[in-house]
**Student:** 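Sending over a structure as structure tokens; questions will come in a sec.
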Amino acid sequence: MPTNFIEELRWRGMIHDMMPGTEEALMKQVSSGYIGFDPTADSLHVGHLVQIMTLVHFQRAGHKPYALVGGATGMVGDPSGKSQERNLLDAETLQHNVACVRKQLEAFLDFNAGSNAAVMVNNYDWFEKMSFLDFIRDIGKHISVNYMMAKDSVKKRLETGMSFTEFSYQLVQGYDFYYLNQHHNCIIQLGGSDQWGNIVTGTELIRRKSGGEAYAVTTPLIKKADGTKFGKTESGSVWLDPEKTSPYAFYQFWLNASDTDAANYIRIFTLKTKEEIEAIEAEHTEAPHLRALQKAVAEDITTRVHGAAALQTAIAASNILFGKSTAADLQALSEKDFFSVFEGVDQATITSAEFGAGLHIVEALAAKTGFLSSNGEARRELKANAISVNKEKVAEDYILTTKDLINGRYVLLGKGKKNNYILRVEG
RNA sequence: GGGGAGAUACUCAAGCGGCCAACGAGGGCAGACUGUAAAUCUGCUGGUGUACACCUUCGCAGGUUCGAAUCCUGCUCUCCCCA
């Protein structure tokens with residue numbers, strides 16, 4: 001017998017909308033359900049984590065999760081939440097993305113769990129063989145244009161325009177649900193709140209075409225307490241791919257969450273129980289400066305995404321960069337440790353000839369390395385007392401000399417509290 | 001087709017011949033305070049040169065002028081009203 005999946009999502013604040021009867025249907029028996037992922041990029045980002053965790057909970061409740069990568073839907077383009085027509089990706093890029101996304105998803109779900117092992121599917125597999133005529137006769141016949149036009153995603157675009165391709169999207173996605181319902185007995189589709197319209201087209205198609213029952217649950221869009229978008233930093237999206245977002249930056253992203261957001265995140269992005277979470281919150285209220293909440297969130301998610309070893313390095317780097325460590329501590333690190341700890345920190349290399357007898361700090365920040373975009377900016381930051389060399393603030397006329405080089409080869413530059421750069425001197 | 005309004009830096013938005021690298025607001029960055037939080041306060045926010053200076057920038061292309069974001073001509077685009 002399954003445990004109560006809906007109740008689990010409910011206390012975690014992960015339910016935005018749900019079709020009547022869903023909870024009962026899922027409690028009756030072990031069921032299959034799915035979530036679709038768009039292969040719009042070659043990596044998932046933290047925004048997708050909500051969907052991934054939903055599927056993880058689904059499996060933990062005893063149900064059978066299907067992760068669908070949209071090799072076919074990706075070719076059409078989902079208009080939901082988009083104010084403009086999307087550019088289509090070419091088939092080759094799409095295929096590459098599908099493979100990448102698939103690989104990342106494999107890390108979260110258990111594909112060897114016996115009868116409720118997770119399954120990965122690609123809707124390209126069933127759309128590939130379908131002809132346009134088959135589609136409009138067998139599928140299109142069941143859904144009226146009136147019905148499709150009533151969808152928010154379509155209504156919003158009626159003024160500015162929308163291609164037939166994107167208009168068809170909800171039908172294409174709706175058919176996915178129908179297909180999985182017929183072939184894999186999927187009775188529920190999960191997804192973000194912007195997917196509600198698409199999902200309901202699916203349940204409608206199932207009802208009209210086969211008379212079957214199907215359900216839907218959507219998760220709320222995550223917003224930060226200050227109203228800004230979740231999952232973005234000044235340098236862009238926070239990706240799951242360590243090549244795009246280093247484990248260190250990933251860890252820092254979560255650690256920097258505000259108190260309100262962290263309390264939210266710990267429920268959504270970790271599997272900790274209600275009791276564990278309340279204990280951590282109590283601890284946090286007791287001693288807020290220890291940031292127990294942020295740490296718990298950051299550690300849990302970083303481990304899940306990048307593994308325990310990567311987490312340790314991220315913590316080590318964070319302690320050195322944000323702790324009380326001094327220039328002396330930095331000097332004490334072996335070269336190997338230094339570079340493994342600072343793997344995710346921006347780096348630049350110059351030759352010892354360029355370094356010469358001494359390098360002006362402005363040059364080290366801008367012209368020679370590109371850490372800052374211009375000499376003017378470097379000077380401004382220096383004037384604002386924002387620049388440090390090996391953790392010690394320096395003035396505008398500072399000259400880097402061999403004394404500043406750790407192990408004779410590298411130096412740690414800092415701007416403000418949170419930006420670090422490593423300059424290596426070689427040759 | 002006719003008539004009108006407008007295009008200014010990341011965004012909104014002033015400026016309408018020299019005092020304009022361009023008011024102000026938002027955003028961003030930094031500093032102070034803190035807890036790598038929130039709130040608040042302060043500074044900075046085109047480039048090169050440490051200041052004076054110079055270079056590039058006010059839809060695009062020309063022109064008038066000692067001098068233009070500001071005036072003129074043409075072009076492109078956007079919005080509104082009437083058919």
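The sequence lines fix the lettering, A, B, ..., with proteins before strands; numbering per chain opens at 1.
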**Student:** Tell me which nucleotide, if any, is Watson-Crick or G-U wobble paired with U70(B) when both distances must be under 3.5 Å.
**Tutor:** none
**Student:** Taking only the C1' atom of each, what is the distance from C66(B) to G17(B) in whole angstrom?
**Tutor:** 12 Å
**Student:** Just by distance, with hydrogens left out, do Gln104(A) and Ser43(A) show a side-chain donor and acceptor under 3.5 Å apart?
**Tutor:**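 Checked: Gln104(A)/Ser43(A) side chains pair up, N/O donor to acceptor below 3.5 Å.
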**Student:** Under a 4.0 Å heavy-atom cut-off, which of residues 240-268 of chain A touch RNA chain B?
**Tutor:**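 Residues of residues 240-268 of chain A that come under 4.0 Å of RNA chain B are, in numerical order, Gln252(A), Leu255(A), Asn256(A), Ser258(A), Asp259(A).
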**Student:** Measuring only the C1' atom in each nucleotide, how far is A14(B) from U70(B)? A whole number of Å is fine.
**Tutor:**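 It works out to 13 Å between them.
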**Student:** Calculate the interatomic distance between Glu396(A) atom CD and A51(B) atom C1'; express it in whole Å.
**Tutor:**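 Nearest whole value for this atom pair: 12 Å.
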**Student:** Please determine if Glu7(A) and Arg10(A) form a salt bridge, counting it only when a charged side-chain N lies under 4.0 Å from a carboxylate O.
**Tutor:** yes
**Student:** If we take the P atom in both G46(B) and G24(B), what is their distance in whole Å?
**Tutor:** 12 Å
**Student:** Enumerate the residues from residues 282-301 of chain A whose closest heavy atom to RNA chain B is under 4.0 Å, giving them by residue number; use none for an empty result.
**Tutor:**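 His284(A), Pro288(A), His289(A), Arg291(A), Gln294(A), in order of number.
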**Student:** For Glu426(A) and Thr349(A), does a side-chain donor sit closer than 3.5 Å to a side-chain acceptor?
**Tutor:** no
**Student:** Where each residue is assigned the nucleotide of RNA chain B containing its nearest heavy atom, which of Lys383(A) and Asp226(A) is assigned the position nearer the 5′ end?
**Tutor:**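 Comparing both residues, the 5'-ward one is Asp226(A).
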**Student:** Between the side chains of Glu23(A) and Asn4(A), is a donor N or O closer than 3.5 angstrom to an acceptor N or O?
**Tutor:** yes
**Student:** Between Asn385(A) and Lys418(A), name the one whose nearest nucleotide on RNA chain B is closer to the 5' end.
**Tutor:** Asn385(A)
**Student:** Taking any strand in view, what nucleotide pairs with A53(B) in a Watson-Crick or G-U wobble way, both distances under 3.5 Å?
**Tutor:** U48(B)
**Student:** Before you tell me yes or no, could you show the steps for Phe164(A) and Phe132(A) under ring pair (Phe, Tyr, Trp, His ring centres under 6.0 Å), namely the whole-Å CA-CA distance, both residues' side-chain angles and the distance that decides it to 0.1 Å?
**Tutor:** CA-CA 13 Å; Phe164(A) 177 71; Phe132(A) 179 73; 7.1 Å; no
**Student:** A30(B), OP1 or OP2 - any side-chain N/O from Asn419(A) closer than 4.0 Å?
**Tutor:**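 Affirmative; the distance criterion is met.
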**Student:** Among residues 365-377 of chain A, which ones have heavy-atom contacts with RNA chain B below 4.0 Å?
**Tutor:** Ser374(A), Asn375(A), Gly376(A)
**Student:** Which base sits across from G1(B) as a Watson-Crick or G-U pair, both distances under 3.5 Å?
**Tutor:** C82(B)
**Student:** Less than 4.0 angstrom from a charged side-chain N to a carboxylate O is my criterion; do Glu281(A) and Arg267(A) meet it?
**Tutor:**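 Judged by the 4.0 Å cut-off on N to carboxylate O distance, Glu281(A) and Arg267(A) do form a salt bridge.
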**Student:** Quick one: is C44(B) close enough that its OP1 or OP2 comes under 4.0 Å of any side-chain N or O from Arg379(A)?
**Tutor:**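 Checking Arg379(A) against C44(B): no side-chain N or O falls below 4.0 Å of OP1 or OP2.
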**Student:** Write down the distance between NZ (Lys415(A)) and P (G28(B)), rounded to a whole number of angstrom.
**Tutor:** 13 Å
**Student:** If the C1' atom of U45(B) is compared with that of U73(B), how far apart are they to the nearest Å?
**Tutor:** 37 Å
**Student:** Cut-off 3.5 Å, side chains only: do Gln173(A) and Gln189(A) have a donor facing an acceptor?
**Tutor:** yes
**Student:** OP1 or OP2 of G31(B) less than 4.0 angstrom from a side-chain nitrogen or oxygen of Lys393(A), does that happen here?
**Tutor:** yes
**Student:** Rounded to whole angstrom units, what separation is found between the CG atom of Leu321(A) and the C1' atom of U36(B)?
**Tutor:** 11 Å
**Student:** Has Glu128(A) got more than 12 heavy atoms of other residues, nucleotides or ligands less than 6.0 Å from its CD?
**Tutor:**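 Counting neighbours around CD of Glu128(A), more than 12 heavy atoms of other residues, nucleotides or ligands fall under 6.0 Å, so yes.
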**Student:** Has Arg380(A) got a side-chain N or O lying under 4.0 Å from the OP1 or OP2 atom of G47(B)?
**Tutor:** yes
**Student:** Take atom C1' in U78(B) and the same atom in C60(B), then report the distance between them in whole Å.
**Tutor:** 15 Å
**Student:** Is G26(B) paired to anything, Watson-Crick or G-U wobble with both distances less than 3.5 Å, and if yes, which nucleotide?
**Tutor:**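 Partner of G26(B): C10(B).
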**Student:** What distance separates Asp42(A) CG from Leu89(A) CG, expressed to the nearest 0.5 Å?
**Tutor:**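 Going from the CG atom of Asp42(A) to the CG atom of Leu89(A) covers 10.5 Å.
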**Student:** Please check: side-chain N/O of Asp346(A) versus main-chain N/O of Tyr421(A), any donor-acceptor pairing under 3.5 Å?
**Tutor:** no
**Student:** Under a plain distance cut-off of 3.5 Å, with no hydrogens placed, do Gln195(A) and Asp78(A) share a side-chain donor-acceptor pair?
**Tutor:**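 A donor-acceptor contact under 3.5 Å links the two side chains.
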**Student:** Strictly by modelled atom types, are Gln294(A) and Asp259(A) linked by a side-chain donor-acceptor pair under 3.5 Å?
**Tutor:** yes
